[in-house]
Amino acid sequence: NTEYMGTFSPFQMSSSLLSSSLLAAARTAAMASSRALSTSTAAAAGYKLKTHSGTSKRFKVKKTGIMKQGAGLSHLLVGKSRDRLRGLGSAVWVHDSDIARFAKLLPHSLVKRGVSHSK
């Protein structure tokens with residue numbers, strides 16, 4: 001068809017013209033944007049910001065980052081080697097790329113302490 005169609009957006013086209021992969025990508029992006037509520041957006045909308053209880057038991061928020069507490073040293077120690085027990089005893093810093101996930105799980109402690117990076 002050689003007629004002038006004018007300007008149009010991809011959303012005005014019929015689904016038969018768009019490939020299924022483009023439709024799937026658009027659908028996934030729309031679902032992700034509707035699910036993703038930042039803590040400030042949630043607070044502004046009137047939602048309560050609740051701390052994830054499992055995360056609060058296993059991680060400590062420090063000035064310089066978030067520290068994962070050592071686990072596995074409470075019982076059944078006879079079957080574990082000395083090297084394994086030494087490794088279990090030490091705490092580990094959470095990586096910088098995971099801080100955003102913890103902002104949703106521990107909203108109050110991150111806001112209070114101003115954690116922006118880890119070691």
Side-chain angles (χ1 to χ4, degrees):
N1 196 356
T2 58
E3 294 179 13
Y4 177 71
M5 305 239 346
T7 59
F8 60 93
S9 70
F11 298 107
Q12 293 172 341
M13 297 172 63
S14 67
S15 62
S16 63
L17 296 177
L18 290 175
S19 68
S20 62
S21 62
L22 287 176
L23 283 174
R27 193 177 309 118
T28 304
M31 287 172 49
S33 65
S34 67
R35 277 191 312 235
L37 272 178
S38 67
T39 53
S40 60
T41 307
Y47 296 113
K48 289 186 178 180
L49 298 177
K50 296 186 178 181
T51 301
H52 190 265
S53 60
T55 306
S56 65
K57 293 172 192 175
R58 290 168 176 86
F59 295 90
K60 291 286 182 187
V61 179
K62 305 286 185 183
K63 275 186 181 179
T64 56
I66 301 173
M67 182 180 285
K68 182 180 183 214
Q69 299 173 353
L73 278 175
S74 59
H75 65 102
L76 299 176
L77 302 177
V78 177
K80 297 173 186 171
S81 68
R82 292 177 189 173
D83 295 336
R84 185 174 170 193
L85 289 172
R86 259 196 312 276
L88 289 173
S90 61
V92 180
W93 290 99
V94 172
H95 195 265
D96 288 340
S97 61
D98 296 324
I99 295 288
R101 255 191 298 171
F102 283 93
K104 291 181 182 178
L105 296 172
L106 301 170
H108 301 292
S109 46
L110 287 176
V111 169
K112 275 192 235 175
R113 309 222 180 158
V115 171
S116 60
H117 67 282
S118 66
K119 286 194 175 193

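Positions are given from 1 along the sequence.
Every side chain to side chain donor-acceptor pair (under 3.5 Å) that Ser97 has, sequence neighbours left out, goes to His95. Under the rule for a salt bridge (charged side-chain N to carboxylate O under 4.0 Å, His left out), Arg58 has no partner lying at least two apart in sequence or in another chain. Qualifying side-chain contact (heavy atoms from CB on, under 4.5 Å) partners for Ser81, counting only residues two or more places apart in sequence or in other chains: Asp83, Arg84. Annotation: side chain to side chain donor-acceptor pair (under 3.5 Å) contacts of Thr55 (sequence neighbours excluded): His52.
One finds the CE atom of Met67 at 12.0 Å from the CZ atom of Phe59 (value rounded to the nearest 0.5 Å). With rounding to the nearest 0.5 Å, the separation of NZ in Lys68 from OG in Ser90 is 10.0 Å. Atom-to-atom distance recorded for Leu106:CG and Ile66:CD1 is 6.5 Å, nearest 0.5 angstrom.
Val78 forms part of no hydrophobic cluster, judged by ILVMFWY side-chain heavy-atom separations under 4.5 Å. Through direct or indirect side-chain contacts shorter than 4.5 Å among Ile, Leu, Val, Met, Phe, Trp and Tyr, Leu88 is connected to Leu73, Leu77, Leu85.
Ser56 and Ser53 make their closest contact through OG-O, 2.8 Å (heavy atoms, listed as atom of the first residue, atom of the second, distance).
A 4.5 Å side-chain heavy-atom check between Trp93 and Thr64 finds at least one atom pair inside the cut-off.
Other residues, nucleotides and ligands place more than 12 heavy atoms under 6.0 Å from the NZ atom of Lys80.
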